[in-house]
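Let me begin by presenting the structure, written as structure tokens, before commenting on it.
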Amino acid sequence: MSLVAFPFKDEDPEVLLKNVRIAASHPRVREVLCVGFAEDECFKAVRREAPAIQRKAGVRVVVLLQERLGDRRPGKGDGMNTALKYFLEETDLERIHFYDADILSFSEEWITKAEEGADQGYQVVRHYFPRASTDAMITWFITRTGFALLWPKSVLPWIEQPLGGELLLTRSLAERLLADERVRRQSDWGIDTLYTFAMVQHGASIYETYIGVGKLHKLYGKLTDLKTMLIECFAAVQSLKEEQVPEGGAHRIEYPGPVPQEVREKIGYDIEGSLALLSEGWTPRQEELLACLPRKVWEGMLACRSFPRFGFMDEEVWYLTYQALLEHFSSQDEDWRELLFRLWLARTLQYTMSEALRGYDHALHYLHQMVGRYVRRAITR
Ligand code: GDX
Ligand code: MN
């Protein structure tokens, strides 16, 4: 029997409550846990409704505030780790599921498919979805790229959505994750990277299950909303760079289905808005920091100050840039943070204009092949 956990911050309570009701009425679920960031209006609304859902479904519905467990920015990591701790200390259930609170397309199938994977003996089941070709730009250019460069012989680069917040863990793996200092410390957006990394390093068997309806959820307003997430996800990979990971490992991916037309046509970010961000807000210090990067990059980025440019940031140049960033980037330094954001924007725009423009199938094929080329290159380096 399982616990279903929803970390949440500032969500529409109706969306979360609908998902809680779906989870509470699933035959495999014994308890539903919502872990909120703060005691705000959303938190109060969820806490108010929980007893009625509990009565109707006949399973416990618990609403908690997140504890301060880590030492980075207090964020989703504290929320997820609070849920893990509750699961291990307050229940004796066998499995924990995590789902984002803002999912509009959530259904009992998500829980069933995860349970079916675990029934086959996998210690982790991760959900993956069809994504637009210009979505998941942090996943492709930060996380999967970093995993390919640093641990090319492991399964890490091959995990479809390493930042996904929808996953199931068995109790024994949950114990190992929470006991891992690096996981506990990661209170920010880096938590998904740390969970993914630690499950592979601990040798867990992983199944990725495909959810064809996709994950419809709250949209970002501006690209700058992604900045904190990008920086914290990169810093999380960088913090692990000296670590060793076993080669190979049990990893199966359910074959995907046809991609819905709306996903194929969706544009994942504001292209015009991003162009402006390449040119704005340069400081003399950022210009100095460019000296750590390959020549093509500092020439191109300096030119951006008068007119947005990105054509130089191709696959090859991004590989070299990423290596330099692993060595020199400092997440405490505001100028480095700005610069990382701009470099990643240049990579995202270059990819959009030279690959995504050629159509959905081409773009997704390109991204997967790119990871493969990075893996080969890192192995033969
Ligand atoms: N308790 C708690 N505390 N929950 C939080 C916090 C926090 O500080 N910040 C965000 N959340 C919740 C949020 O309410 C939602 O349920 C979930 O975490 C994901 O946040 P959302 O704002 O929907 O982000 P997004 O971009 O949709 O998230 C996806 O990418 C993240 C990532 O790339 O790091 C999603 O797959 C996340 O699970 C993943 O962490
Ligand atoms: Mn979301």
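Residue pairs meeting the ring-ring contact (aromatic ring centres under 6.0 Å, His included) criterion with at least one partner in residues 234-256, sequence neighbours excluded, are Phe234-Tyr322, Phe234-Phe329. Identified under the side chain to side chain donor-acceptor pair (under 3.5 Å) test for residues 141-167, with sequence neighbours left out: Glu160-His368, Glu166-Lys215. Counting only residues at least two apart or on different chains, the side chain to side chain donor-acceptor pair (under 3.5 Å) pairs with a member in residues 348-358 are Tyr269-Thr352, Arg347-Gln350, Gln350-Ser354, Glu355-His362. Here side chain to side chain donor-acceptor pair (under 3.5 Å) pairs that include residues 230-247, with residues two or more places apart or in two chains, are Arg73-Glu232, Arg182-Glu243, Gln201-Glu243.
Formation of a donor-acceptor pair under 3.5 Å by the His26 side chain with backbone atoms of Arg28 is found in this model. With Gln286 contributing its side chain and Leu339 its backbone, the two residues share no donor-acceptor pair below 3.5 Å. Distance alone, capped at 3.5 Å, is enough to place a donor-acceptor pair between the Gln66 side chain and the Gly75 backbone. Remark: the backbone N or O of Arg60 is not paired with any side-chain donor or acceptor of Arg30 at under 3.5 angstrom. The main-chain N or O of Gly214 is found under 3.5 Å from a side-chain atom of Ser105 such that the two form a donor-acceptor pair.
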Problem - Chi angles and distances behind the salt bridge (Lys or Arg N to Asp or Glu O under 4.0 Å) call for Arg264, Asp361 - result: CA-CA 9 Å; Arg264 298 172 67 91; Asp361 296 325; 3.1 Å; yes
Exercise for the section: Dump the intermediate steps for salt bridge (Lys or Arg N to Asp or Glu O under 4.0 Å) on Lys218 and Asp100, then the final yes or no. Expected result: CA-CA 10 Å; Lys218 188 182 64 202; Asp100 282 1; over 6 Å; no
Exercise for the section: Quick one: do Glu254 and Thr209 satisfy side-chain hydrogen bond (donor to acceptor under 3.5 Å, both in side chains)? Show the steps, please. Expected result: CA-CA 5 Å; Glu254 183 182 356; Thr209 188; 2.9 Å; yes
Handout entry: side-chain hydrogen bond (donor to acceptor under 3.5 Å, both in side chains) evaluation trace for Thr91 with Glu31
Key = CA-CA 9 Å; Thr91 81; Glu31 188 160 345; 5.6 Å; no
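With contacts defined as side-chain heavy-atom distances shorter than 4.5 Å, the pair Leu240/Leu150 does not qualify. Two residues are said to be in side-chain contact when any heavy atoms from C-beta on lie closer than 4.5 Å; Trp318 and Tyr374 meet this criterion. Side chains of Val183 and Ile191 form a contact here, defined as non-hydrogen atoms less than 4.5 Å apart. Residues Tyr128 and Pro256 have side chains in contact (heavy-atom distance under 4.5 Å, counting atoms from C-beta outward). Using a 4.5 Å cut-off on side-chain heavy atoms (C-beta onward), Gln186 and Arg72 make contact. Taking the side chain as every heavy atom from C-beta outward, Phe147 and Thr196 approach each other to under 4.5 Å. Using a 4.5 Å heavy-atom cutoff, the side chains of Arg342 and Leu277 are not in contact.
Heavy-atom neighbours of Arg252 CZ from other residues, nucleotides or ligands within 6.0 Å: at or below the threshold of 12. Heavy-atom contacts from other residues, nucleotides or ligands closer than 6.0 Å to CD of Glu39 number more than 12. Atom NZ of Lys296 has 12 or fewer neighbouring heavy atoms from other residues, nucleotides or ligands inside a 6.0 Å radius.
In this structure, CD1 in Ile142 is found 5.0 Å from CG in Leu230, a value given to the nearest 0.5 Å. How far CG of Asp335 is from CH2 of Trp282: 10.0 Å, rounded to the nearest 0.5 Å. Here Asp180 contributes atom CG and His202 contributes atom NE2; the two are 4.0 Å apart, rounded to the nearest 0.5 Å. Rounding to the nearest 0.5 angstrom, the gap separating the CG atom in Leu343 from the CZ atom in Phe141 is 13.5 Å.
Between the side chains of Asn81 and Tyr195, at least one donor-acceptor pair of N or O atoms lies under 3.5 Å. Residues Ser187 and Arg68 have side chains that bring a donor and an acceptor to within less than 3.5 angstrom of each other.
Residues Leu357 and Ile267 fall into different hydrophobic clusters, defined by Ile, Leu, Val, Met, Phe, Trp and Tyr side chains chained together at heavy-atom separations under 4.5 Å. Side-chain heavy atoms closer than 4.5 Å link hydrophobic residues (I, L, V, M, F, W, Y) into clusters, and following such links, possibly through other members, connects Leu149 to Ile379. The hydrophobic clustering, which links ILVMFWY residues whose side-chain heavy atoms are closer than 4.5 Å, places Phe87 and Val59 apart. Ile271 and Ile138 fall within a single hydrophobic cluster, where Ile, Leu, Val, Met, Phe, Trp and Tyr are joined by side-chain heavy atoms under 4.5 Å apart, directly or via other members. Hydrophobic clustering keeps Leu69 apart from Leu88 (ILVMFWY residues linked when any side-chain heavy atoms are closer than 4.5 Å, directly or through intermediates).
Nearest heavy atom pair, residue Ala324 against residue Leu293, reads CB-CD2, 3.7 Å. Looking at every heavy atom in both residues, Asp78 comes nearest to Gly70 through OD1-N, 2.9 Å. Scanning all heavy atoms of the two residues, the minimum distance from Tyr86 to Leu64 falls at CD1-CD1, 3.8 Å. Across every non-hydrogen atom of Trp189 and Cys233, the tightest pair is O-SG, 4.0 Å. Among all heavy-atom pairs drawn from Ala148 and Ala378, the shortest one is O-CB, 3.4 Å. In this structure, Gly212 and Pro260 approach most closely via the heavy-atom pair O-CG, 3.9 Å.
Salt bridge annotation for Arg337-Glu334: present, with a cationic side-chain nitrogen under 4.0 angstrom from a carboxylate oxygen.
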Could you pull out every donor-acceptor pair under 3.5 Å between side chains of residues 299-306 and any protein atom, sequence neighbours left out?
residue: Glu299; atom: OE2; partner: Arg295; partner atom: NE; Å: 2.8
residue: Glu299; atom: OE2; partner: Arg295; partner atom: NH2; Å: 3.2
residue: Arg305; atom: NE; partner: Leu302; partner atom: O; Å: 2.9
residue: Arg305; atom: NH1; partner: Glu287; partner atom: OE1; Å: 3.1
residue: Arg305; atom: NH1; partner: Glu287; partner atom: OE2; Å: 3.1
residue: Ser306; atom: OG; partner: Ala303; partner atom: O; Å: 3.2

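Other members of the hydrophobic cluster containing Leu216, listed by chain and number, are Val15, Leu104; membership follows side-chain contacts under 4.5 Å among ILVMFWY residues, whether direct or relayed. Within the hydrophobic cluster formed by Ile, Leu, Val, Met, Phe, Trp and Tyr side chains joined at under 4.5 Å, directly or through other members, Val20 is accompanied by Val4, Phe6, Phe8, Leu16, Leu17, Ile22, Val29, Val32, Phe43, Val46, Ile53, Val61, Val63, Leu65, Tyr99, Ile103, Phe106, Trp110, Ile111, Phe129, Ile211, Val213. The hydrophobic cluster containing Val125 also includes Tyr122, Leu168, Tyr207, under a criterion of side-chain heavy atoms closer than 4.5 Å among ILVMFWY residues, counted directly or through chains of members.
For Arg184, there are no salt bridge (charged side-chain N to carboxylate O under 4.0 Å, His left out) partners at least two apart in sequence or on another chain. Taking the salt bridge (charged side-chain N to carboxylate O under 4.0 Å, His left out) definition, one finds that Asp333 meets it with Arg285, sequence neighbours left out. In this structure Glu262 satisfies the salt bridge (charged side-chain N to carboxylate O under 4.0 Å, His left out) test with no other residue, sequence neighbours excluded. With sequence neighbours excluded, the residues that form a salt bridge (charged side-chain N to carboxylate O under 4.0 Å, His left out) with Glu67 are Lys85.
Just one of Asp188, Asp10, Asp192 meets the salt bridge (charged side-chain N to carboxylate O under 4.0 Å, His left out) condition when paired with Lys76; it is Asp192.
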